[in-house]
Amino acid sequence: MATAIRSYAKINIGLKIGPKREDGFHELRTIYQTIELADMVRVDFQRGVGIDINCKDNRVPSDESNTCWRVADRVLKALKTRGKVKITIEKNLPVQGGLGAASSNAVATMIALEKELKRQLSAEDRLRIAAEVGSDLPLFLMGGTVLGTGRGEQVFPLQDLPSFHCVVATPDVGVSTPVAFAEWDKKWPAKLSRHHLTDPDSSDRINTFSRSVYEWLNGSNFSATGVPSQGWDRAEALLLDLVRTGIENDFESVVFPKYPAIREVKRALERSGAKYVSLSGSGSAVYGLFTDQETATQAARQLSENDVPAQATVTLPRARYWSELFPAAKTYEMGRDAKIG
Ligand code: C5P
């Protein structure tokens, strides 16, 4: 029997682009946060050979260029196993949206394939395979609130943020991540390319971001369970703190001028009562964090009425990320979300 697994999306709460490294990647600092919006992935292991990928959305490749294919291939090799892997992806998330969908699909494939094989990779092998396939994969081996460093692939679990109401808008614009990085390089050319790694401006930006994150997380005294100690007021304080500390996404400064429609979506979310609004990754997804469900639902409805696809959801703390990964284990009722703060 195939193993079905949810493949959750992420948003980036702040993203600082640092120096371009000798390997061509950029040093990054970001906070990843998983959210409840998800694709569904099904993995079936049978006798035979090969890796088959099925997805009704024909923008999703079915060959080796698919991150799921690359992960499945590496998992089989690491476990010295042969067989036929059938992967079915039910798409709900945008294909090129800054929500990490392809990366998440790939990690979901890894976890489901291990279950199908009834064998486990070591934690080191999991992280190695994830990082080899892409910078945005390892975060999905952690879930919840995660600090990303290096090229984004070095991940550290942070104290989980409370679950915020969240509206994710996905304007119908495909933003290419490599192109966005190239635009950034044009905007901030390093003085001497061989000094990229030590460029003081870039390094400063990274350090400032790390300090801001520290200040934000420490300034807001929420409890270790991720549930604010004093109801919604604490969540609201946390979000206002986020704005006050100036944590933002560097990609906005190159993506918004090129795609003014995306900036308009940010403005619309701000007008509709979001406490914090940002581009996710290199876009085109824009999200807003809200302290109440009603305002969030209303904001999503308004955007949809103006032909901008938008969905109201919640951010997903680590414990829920893991407990609800397999559909059969879904243990909560939808109505409970309204009270999670
Ligand atoms: O690792 P991933 O496949 O997500 O990266 C896609 C592309 O984005 C890379 O080939 C690189 O051009 C760019 N990138 C970068 N710096 C990063 C992450 C990605 O320049 N930290």
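Note that ligands are numbered from 1 as they come in the structure, with each ligand's atoms numbered from 1 the same way.
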Using the six-membered ring of Trp216, assess whether NZ or CZ of Arg211 lies under 6.0 Å from its centre and within 45 degrees of the ring axis.
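The answer is no; the distance or angle limit is not met.
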
Salt bridge flag under 4.0 Å for residues Lys258 and Glu183:
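Yes, this pair counts.
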
Do Lys20 and Glu22 meet the salt-bridge criterion of a basic N to acidic O distance under 4.0 Å?
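No, Glu22 and Lys20 are not salt-bridged.
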
Would a 4.5 Å heavy-atom cut-off, applied to side chains only, mark Val85 and Leu76 as touching?
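Yes, at least one pair of side-chain atoms sits under 4.5 Å.
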
For ligand 1, what is the set of protein residues having any non-hydrogen atom at a distance below 4.0 Å?
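The answer is Gly24, Phe25, His26, Leu28, Gly134, Ser135, Arg151, Thr177, Pro178, Phe181, counting any residue whose heavy atom sits under 4.0 Å from ligand 1.
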
Salt bridge (charged side-chain N to carboxylate O under 4.0 Å, His left out) evaluation trace for Glu236 with Lys275:
CA-CA 8 Å; Glu236 187 151 11; Lys275 300 289 178 203; 3.1 Å; yes

Would one find more than 12 heavy atoms of other residues, nucleotides or ligands at under 6.0 Å from atom CG of Asp63?
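Counting other residues, nucleotides and ligands, CG of Asp63 exceeds 12 neighbours.
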
